[in-house]
Amino acid sequence: MTHAPISRRALLAGATGALGAHALRVTKLAQDPTKVPGSAVTPLGERSPFERPRRIPLGNGQGISYTPLQDCCGIVTPADLHFERHHAGVPAIDPQRYKLLIHGMVERPTVFDLEALKRFPSVSRLCFLECSGNGAAGYGRSRPDLSPQLVDGLTSTSEWTGVPLATLFREVGVKPGATWFLAEGQDAAVMARSIPVEQARDDGLIAYGQNGEALRPEQGYPARLLLPGWEGNANVKWIRRIELADRPFMTREETSKYTDPLPDGTARQFSFVMDAKSIITFPAYPVTLGDRGWWQITGIAWSGRGRITRVEVSSDAGRHWAPADLQQPVLPKCHTRFRYMWNWDGGDTTILSRAVDETGYVQPPVEQLRQARGLGTTYHFNHIRPWRVRRDGTVVFGLES
Amino acid sequence: MLGTMLLLGGCGSHDRPQVGAAAPVTFGFGRPATADEIAVWDLDVRPDGAGLPPGRGTASQGSAVYGRKCAACHGATGIEGPFDRLVGREPRQGFPFGRLPRLVKTIGNYWPYATTLYDYVNRAMPLNAPGSLKPDEVYGLVAFLLWRNDIIASSAEMNPQTLPRVVMPAHDRFVPDNRRGGPEIR
């Protein structure tokens, strides 16, 4: 995936465009809300006119759209702010006509409609979903005026509901030699990826629910593959077909794209798991700290290999590190909120966070990742994200190239 | 009551739906897929050639289709864009993509399998009319792009027998993921 360069306009929209448009509505507000009856009940809620979180879309049908991480609290991403990445736009699919075909190395090639999928015993779980190109803006070329949204906004967390792949595999009778399957979408790219059966059987889902309602079209309505902890592209949206086989299919998205060339002259293939990372979402560009004193540093940490066990924060450019509080719940393969109370002395400094997961993996500094992967790599950017806090209280992204 | 519950799925370490002991291993939901409906959707083409439909095409046939249906987005010779560059063998030596961020990956210097080209063009291109190409057109386009990338001769015909035998320059470059978690950064 080649990310379009970030335009000045997109940056401005992200930083300041949110305010202004609703100012008129605000002036209609009562001076004292206790002296006027409030508005009536409604069939569909809306955000307060004071809250205008927005994704930042770049490109068109092959585009990406970033979650405003700095506007989110806790760990769940509202469904209308979930990041987007498509290869040929968002298809419109009639749920009445939806079909999932499972065939290939199975005893009983079967077609499931949505109703059939929903009759199976279901599970719900919270987990993150992240584009494998997330973080690119901070790896090679970089710039100070990047917000958390533009650095890492291609990750989101939802509560997903669906039927375990293990259940469906049992239903169709997957044959013993079947080690891979092709997952194929019903979009105009007929996007397809090969997935190893064993891992998918462990915790993969065909998901039809997102945060308590049906999936959003941008997230695969009416049903998608969900592989907790694995790069977003493998979580095929609008899934229409699963074909079991004894080897991978070698589609374009697992050869030309979503592979990782390495400095030793090879390219890593089927690099599904998203390694541990974290980002401070406050304070971060474009906020300005009003004065010295106590501030809550907060952010999110996540790992595709399991639970986050520790997040450490440094407020002196990495010389000292101290453990941050992990806010409950701390779930495997899920955004985890961290907090750290910081007494800013008013001086220039750099603040950093680093995540550790249950395998003992420690989020590396950018130099270490560049050493292992080279500057030419285009996915899996999980290096430490620094923020420079300047004497005047302004905060800028701290990886300058 | 808990004692009579059966944990489905066995080996997983996380939440699984629990089903009463009387629940069967399979439920009989869904309906058998017919051979016809499988055939309509079964698009994929694999490295061993499985899935390739009957048909044939040469570079000169593909060149004409390319000019009409592809050049506007990929450039007259596959290099100019505005979208993905399809032609290029540089660098002829080595595979320095990890070190050199400016190197453009193309069919000629990066794709490990020729069959992927059939699979992808057939499923996703042209971007403005995906799924509209006939097998002979796809074989011709594949022959044209492989010839432009210096991989096959201009006269070579691509068909279900010849295409899987084309060896791509980057074929041996791909390695499995060796990241395993733990302290090592790979």
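What you see is a predicted model; the values in this text were computed from it and never measured. By convention in this document, chain letters (A, B, ...) are assigned in the order of the sequence lines, proteins followed by strands, and residues within each chain are numbered from 1.
Heavy-atom proximity under 4.5 angstrom to chain A picks out nothing from residues 150-163 of chain B. For a heavy-atom cut-off of 4.5 Å, chain A lies close to B:Phe95, B:Phe97 in residues 85-97 of chain B. Taking 4.5 Å as the heavy-atom cut-off, the residues of residues 32-63 of chain B that approach chain A are B:Pro32, B:Ala33, B:Glu37, B:Ile38, B:Trp41, B:Asp42, B:Leu43, B:Asp44, B:Val45, B:Arg46, B:Pro47, B:Asp48, ordered by number. Of residues 176-186 of chain B, those residues with a non-hydrogen atom less than 4.5 Å from any non-hydrogen atom of chain A are, in numerical order, B:Pro176, B:Asp177, B:Asn178, B:Arg179, B:Arg180, B:Gly181, B:Gly182, B:Pro183, B:Glu184, B:Ile185, B:Arg186.
Close placement of the A:Phe169 and A:Phe181 rings is indicated, their centers lying within 6.0 Å of each other.
Using a 4.5 Å cut-off between heavy atoms, A:Thr377 contacts chain B through its backbone alone, with no side-chain atom that close. With a threshold of 4.5 angstrom between heavy atoms, B:Phe174 approaches chain A through its backbone and through its side chain.
Ion pairing of A:Arg193 with A:Glu254 is present here, as a side-chain N (NZ or NE/NH1/NH2) and a carboxylate O approach within less than 4.0 Å. Between A:Arg108 and A:Glu171 there is no salt bridge, since none of the side-chain N atoms of the basic residue sits less than 4.0 Å from a carboxylate O of the acidic one.
Between chain A and the options B:Pro112, B:Gly131, B:Ala170, the largest number of non-hydrogen pairs under 4.5 Å is found for B:Pro112. Put simply, of B:Arg31, B:Arg173, B:Lys105, B:Arg102, the one with the most heavy-atom pairs under 4.5 Å next to chain A is B:Arg31.
Note on ring orientation: taking the six-membered ring where Trp is involved, the planes of A:Phe112 and A:Phe120 are perpendicular (angle over 60°, cut-offs 30° and 60°).
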